[in-house]
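Throughout, numbering of the chain's residues begins at 1 and tracks the sequence.
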Amino acid sequence: MLSKTYTAAVNGLETTTVTVEVNMTRGVQFHLTGLPDTAVKESYDRIRAAISNIGLKNPTMDITINLSPADIKKEGSGYDLPLAIGILSANGKVEAEKLDKFMMVGELSLDGKLQPVRGALPIAIRARKEKFKGLIVPRQNIREAAVVNQLDVYGMETLMDVIKFLNGDNSYQPTYIDTRKEFYEQQNHYELDFADVKGQESVKRALEVAAAGGHNLIMIGPPGSGKSMLAKRLPSILPPLSLAESLETTQIHSVAGKLDRDTSLISQRPFRAPHHTISQVALVGGGTNPQPGEISLAHNGVLFLDEMPELSRSVLEVLRQPLEDRKISISRAKYNVEYPCSFMLIASMNPCPCGYYGDPTHHCACTPGQIQRYMNKISGPLLDRIDIHCEIQAVPFAQLAQMKPGEPSATIRERVIRARKIQEERFHMYKGVHCNAMMTEKMLHDFAEPDAPSLEMLRMAMERLKLSARAYNRILKVARTIADLAGSEKVETVHIAEAIGYRNLDRGDWAERGI
């Protein structure tokens with residue numbers, strides 16, 4: 001007897017509908033075709049134990065299973081449930097009437113319970129696209145799958161629950177979640193706030209400019225000056241996620257298996273802070289079974305690289321292309337996947353190997369050569385993609401004890417949102433351009449052309465401060481953002497002056513001067 005069930009294969013963020021074809025004839029052999037990996041091949045042992053432990057008899061026949069299309073590699077334990085239902089249907093234990101109306105996915109325990117799987121959200125999106133009536137998932141995956149509307153999503157505890165449902169038991173009901181209500185309720189809940197930061201007004205201003213224009217930023221300062229503390233509060237002043245951005249971000253985390261079980265949609269911008277010992281694969285993605293890397297998990301959010309020069313040179317260099325293209329294509333012998341990675345890069349570093357170059361309270365024993373070698377760990381092409389360079393000093397204790405709480409994140413966020421709305425209106429005709437950091441050279445001429453006094457100031461700054469040629473476009477982009485924060489239609493001299501102050505690492509004499 002032949003039966004068919006339906007599931008989906010996830011490759012990157014792309015999903016393909018997979019038809020599980022089960023055929024039974026006289027005999028005792030088991031055959032599984034369709035490029036299954038080891039986890040899929042082992043599924044038969046789990047299925048046999050699960051069927052036995054829920055009180056049913058395993059069929060003693062020749063079983064041939066094909067996973068169609070057979071030329072796409074099938075990976076993971078999520079095929080257990082459709083394989084088990086297909087076997088039981090071919091053996092007459094499950095009615096075939098509903099099988100073509102539902103897609104299903106889930107891992108089986110030996111006692112018949114369903115275990116959560118990765119990628120439930122993109123599979124649910126695929127099920128709706130293919131016009132399936134519903135999707136059957138483990139109960140732990142119900143909230144992320146139920147995000148998709150116009151699809152009946154059933155969360156099941158055990159294999160027996162699925163059998164009863166497919167055989168006509170009407171006691172099982174689909175789960176519906178008011179995703180928009182939950183999404184908007186959770187958007188403004190932040191544990192960290194800029195009001196906790198005392199002093200550091202110039203650095204907070206730089207972070208506000210970076211948030212308003214989507215600019216990458218690096219902070220240079222001695223240990224204990226507050227670099228990590230400030231970076232962790234950056235998401236609290238970024239514009240809220242839109243529903244489209246949230247859905248895309250949630251899909252990436254679903255594929256990576258990083259979603260909390262009580263999460264439906266990610267409502268706050270991601271903040272990823274990998275350790276400096278991270279490998280290239282962990283950063284950009286890939287591996288034996290392709291998974292999103294940290295840059296993709298930070299999509300629509302912030303990637304924070306603390307102690308940036310301590311990362312290996314090869315790891316840092318792989319960031320160059322994703323920072324430019326805002327997507328990462330991973331090509332290997334066995335697969336080719338693409339992940340989005342539009343993130344803000346926020347980095348921090350010490351000014352020298354000992355960390356105290358230019359610190360008035362500590363003595364630095366590093367030579368100019370040592371400082372230069374330390375700075376050279378960050379290559380020019382990578383530094384070229386960081387718009388804002390911000391120097392930071394530790395706040396003295398006397399000032400720290402006397403200062404009142406700083407400006408709250410909510411107030412800063414309002415200014416950032418106003419600036420972003422100006423940019424959205426400005427770039428509404430340009431596909432894929434949402435903020436000033438994404439401007440091309442032609443857009444700079446159209447929207448950030450400085451007047452004669454500003455151009456003269458920029459020329460003098462580049463000559464006197466030995467600024468590199470690559471700093472020119474970055475200064476104009478940042479100046480355009482500063483003008484947006486000020487509500488100015490034109491880029492004026494004062495905006496250019498502030499933007500020039502954010503290019504410290506481009507100065508030719510940086511390693512020989514005091515901070």
*Asks:* Between Ser246 (side chain only) and Leu241 (backbone N and O only), is there a donor and an acceptor less than 3.5 Å apart?
*Replies:*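 No, because the side chain of Ser246 does not come within donor-acceptor range (under 3.5 Å) of the backbone of Leu241.
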*Asks:* Walk me through whether Leu382 and Leu323 qualify under side-chain contact (heavy atoms from CB on, under 4.5 Å).
*Replies:* CA-CA 9 Å; Leu382 179 59; Leu323 283 171; 3.8 Å; yes
*Asks:* When you check the gap from the basic side-chain N to the acidic O, do Arg118 and Glu107 get nearer than 4.0 Å?
*Replies:*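 Salt bridge between Arg118 and Glu107, a charged N being under 4.0 Å from a carboxylate O: no.
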*Asks:* Would you please test Asn11 and Glu75 for side-chain contact (heavy atoms from CB on, under 4.5 Å) and show each step?
*Replies:* CA-CA 9 Å; Asn11 182 34; Glu75 299 174 337; over 6 Å; no
*Asks:* Could you check if a side-chain atom of Val147 sits within less than 4.5 angstrom of a side-chain atom of Ile177, using non-hydrogen atoms only?
*Replies:*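 No - every pair of side-chain heavy atoms lies 4.5 Å or more apart.
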*Asks:* Begin with the C-alpha distance, continue with both residues' side-chain angles, and end with the deciding distance and a verdict on side-chain contact (heavy atoms from CB on, under 4.5 Å) for Phe194 and Ile237.
*Replies:* CA-CA 9 Å; Phe194 270 95; Ile237 65 171; 3.5 Å; yes
*Asks:* Give the C-alpha distance, both sets of side-chain angles, the deciding distance and a yes or no for salt bridge (Lys or Arg N to Asp or Glu O under 4.0 Å) between Lys204 and Glu208.
*Replies:* CA-CA 6 Å; Lys204 287 192 282 188; Glu208 179 182 340; over 6 Å; no
*Asks:* Looking at Glu14, I want to see if its CD is surrounded by more than 12 non-hydrogen atoms of other residues, nucleotides or ligands under 6.0 Å.
*Replies:*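 No, not enclosed.
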*Asks:* Taking Ser454 for its side chain and Thr493 for its backbone only, find out whether a donor-acceptor pair lies under 3.5 Å.
*Replies:*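 Side chain of Ser454 to backbone of Thr493: a pair is present.
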*Asks:* May I ask you to check whether Ser228 and Asp306 show a side-chain donor-acceptor distance below 3.5 Å?
*Replies:*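 Yes, a side-chain donor-acceptor pair sits under 3.5 Å.
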*Asks:* Is a salt bridge present between Arg426 and Asp484, judged by a nitrogen-to-oxygen distance below 4.0 Å?
*Replies:*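 Yes, charged N to carboxylate O under 4.0 Å.
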*Asks:* Has Arg233 got a side-chain atom pairing as donor or acceptor with Met229's backbone, closer than 3.5 angstrom?
*Replies:*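 Judged by distance alone, yes, a pair lies under 3.5 Å.
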*Asks:* Got a sec: does the CD of Glu463 have more than 12 other heavy atoms crowding it under 6.0 Å?
*Replies:*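 Enclosed.
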*Asks:* If only side-chain N and O atoms count, and only distance matters, is there a donor-acceptor pair under 3.5 Å linking His215 with Thr481?
*Replies:*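 Yes, His215 and Thr481 have a side-chain donor paired with an acceptor closer than 3.5 Å.
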*Asks:* Using modelled atom types and a 3.5 Å cut-off, is there a donor and acceptor pairing between side-chain atoms of Asn376 and backbone atoms of Gln372?
*Replies:*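 Yes, the answer is positive, given that a donor and an acceptor are paired below the 3.5 Å cut-off.
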*Asks:* Between His299 and Glu248, do the side chains contain a donor N or O and an acceptor N or O under 3.5 Å apart?
*Replies:*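 On atom types as modelled, these side chains qualify, holding a pair under 3.5 Å.
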*Asks:* Do Ser379 and Glu317 get their side chains close enough for a donor-acceptor pair, meaning under 3.5 Å?
*Replies:*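 There is such a pair between these side chains.
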*Asks:* Donor-acceptor pair, distance only, cut-off 3.5 Å: does the side chain of Arg420 make one with the backbone of His434?
*Replies:*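 Here the side-chain-to-backbone pair does not exist.
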*Asks:* Using only heavy-atom distances, determine whether the side chains of Gln280 and Ser314 contain a donor-acceptor pair under 3.5 Å.
*Replies:*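 Yes.
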*Asks:* Heavy-atom count around Lys73 NZ within 6.0 Å, excluding the residue itself: above 12?
*Replies:*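 Yes, NZ of Lys73 has more than 12 neighbouring heavy atoms, counting only those of other groups under 6.0 Å.
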*Asks:* What are the two closest non-hydrogen atoms of Ile371 and Pro351, and how far apart are they?
*Replies:*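 Taking Ile371 first and Pro351 second, the nearest heavy atoms are CG2-O, 3.6 Å.
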*Asks:* Regarding Glu449 and Lys490, does a basic nitrogen lie under 4.0 Å from an acidic carboxylate oxygen?
*Replies:*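 Looking at Lys490 together with Glu449, the answer is no, because their closest N to O distance does not fall below 4.0 Å.
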*Asks:* Ignoring hydrogens and angles, state whether a donor on the side chain of Ser254 or Glu144 is under 3.5 Å from an acceptor on the partner side chain.
*Replies:*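 Short answer, yes.
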*Asks:* Between Val337 and Leu13, is the side-chain contact (heavy atoms from CB on, under 4.5 Å) condition met? List the steps.
*Replies:* CA-CA 8 Å; Val337 296; Leu13 295 185; over 6 Å; no
*Asks:* For the pair Arg385 and Glu324, find out whether any cationic side-chain nitrogen is under 4.0 Å from an anionic carboxylate oxygen.
*Replies:*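 So Arg385 pairs with Glu324 through a salt bridge.
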*Asks:* Check whether Arg415 reaches the backbone of Leu485 with its side chain - one donor and one acceptor, N or O, closer than 3.5 Å.
*Replies:*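 Answer holds: no.
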*Asks:* Identify whether the distance between the nearest side-chain nitrogen and carboxylate oxygen of Glu424 and Lys421 falls below 4.0 Å.
*Replies:*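 Lys421 and Glu424: not salt-bridged.
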*Asks:* Side chain of His276, backbone of Leu305: donor and acceptor closer than 3.5 Å?
*Replies:*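 Between the backbone of Leu305 and the side chain of His276 there is no qualifying donor-acceptor contact (under 3.5 Å).
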*Asks:* Is the shortest side-chain heavy-atom distance between Tyr472 and Leu458 below 4.5 Å?
*Replies:*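 When only atoms from C-beta onward are counted, Leu458 and Tyr472 do touch, with a gap below 4.5 Å.
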*Asks:* Answer yes or no: is there a side-chain heavy-atom contact under 4.5 Å between Ser236 and Leu192?
*Replies:*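 Side chain of Ser236 against side chain of Leu192, heavy atoms only: no contact under 4.5 Å found.
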*Asks:* If only atom types and distance count, is the side chain of Arg269 paired as donor or acceptor with the main-chain N or O of Pro239 below 3.5 Å?
*Replies:*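 The answer is yes, because a donor-acceptor pair under 3.5 Å joins these two groups.
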*Asks:* Are a donor atom and an acceptor atom from the side chains of Arg480 and Gln423 found within less than 3.5 Å of each other?
*Replies:*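 Side-chain D/A pair, Arg480 to Gln423: absent.
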*Asks:* Whether the Tyr374 and Gln370 side chains hold a donor-acceptor pair (N or O, under 3.5 Å, no angle test) is what I'd like checked.
*Replies:*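 There is no such pair (donor and acceptor under 3.5 Å, judged by atom type) between the side chains of Tyr374 and Gln370.
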*Asks:* Any donor and acceptor pair, going by atom type alone, linking the side chain of Asn216 with main-chain N or O of Leu345 inside 3.5 Å?
*Replies:*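 Checked: pair present.
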*Asks:* Determine whether more than 12 heavy atoms belonging to other residues, nucleotides or ligands lie under 6.0 Å from atom NZ of Lys377.
*Replies:*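 Counting neighbours around NZ of Lys377, more than 12 heavy atoms of other residues, nucleotides or ligands fall under 6.0 Å, so yes.
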*Asks:* Which heavy atom of Asn350 sits nearest to which heavy atom of Gly221, and what is that distance?
*Replies:*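 Residues Asn350 and Gly221, closest heavy atoms: OD1-O, 3.3 Å.
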*Asks:* Measure the shortest side-chain to side-chain distance between Val302 and Phe343 over non-hydrogen atoms and say whether it is less than 4.5 angstrom.
*Replies:*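 No, too far: nothing below the 4.5 Å cut-off.
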*Asks:* Ring-plane angle category for Phe427 and Phe447, please: parallel below 30°, perpendicular beyond 60°, tilted otherwise.
*Replies:*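 Perpendicular.
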*Asks:* Checking the side chain of Asp37 only, and the main-chain atoms of Ala39 only, is there a donor and an acceptor separated by less than 3.5 Å?
*Replies:*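 The answer is yes, because a donor-acceptor pair under 3.5 Å joins these two groups.
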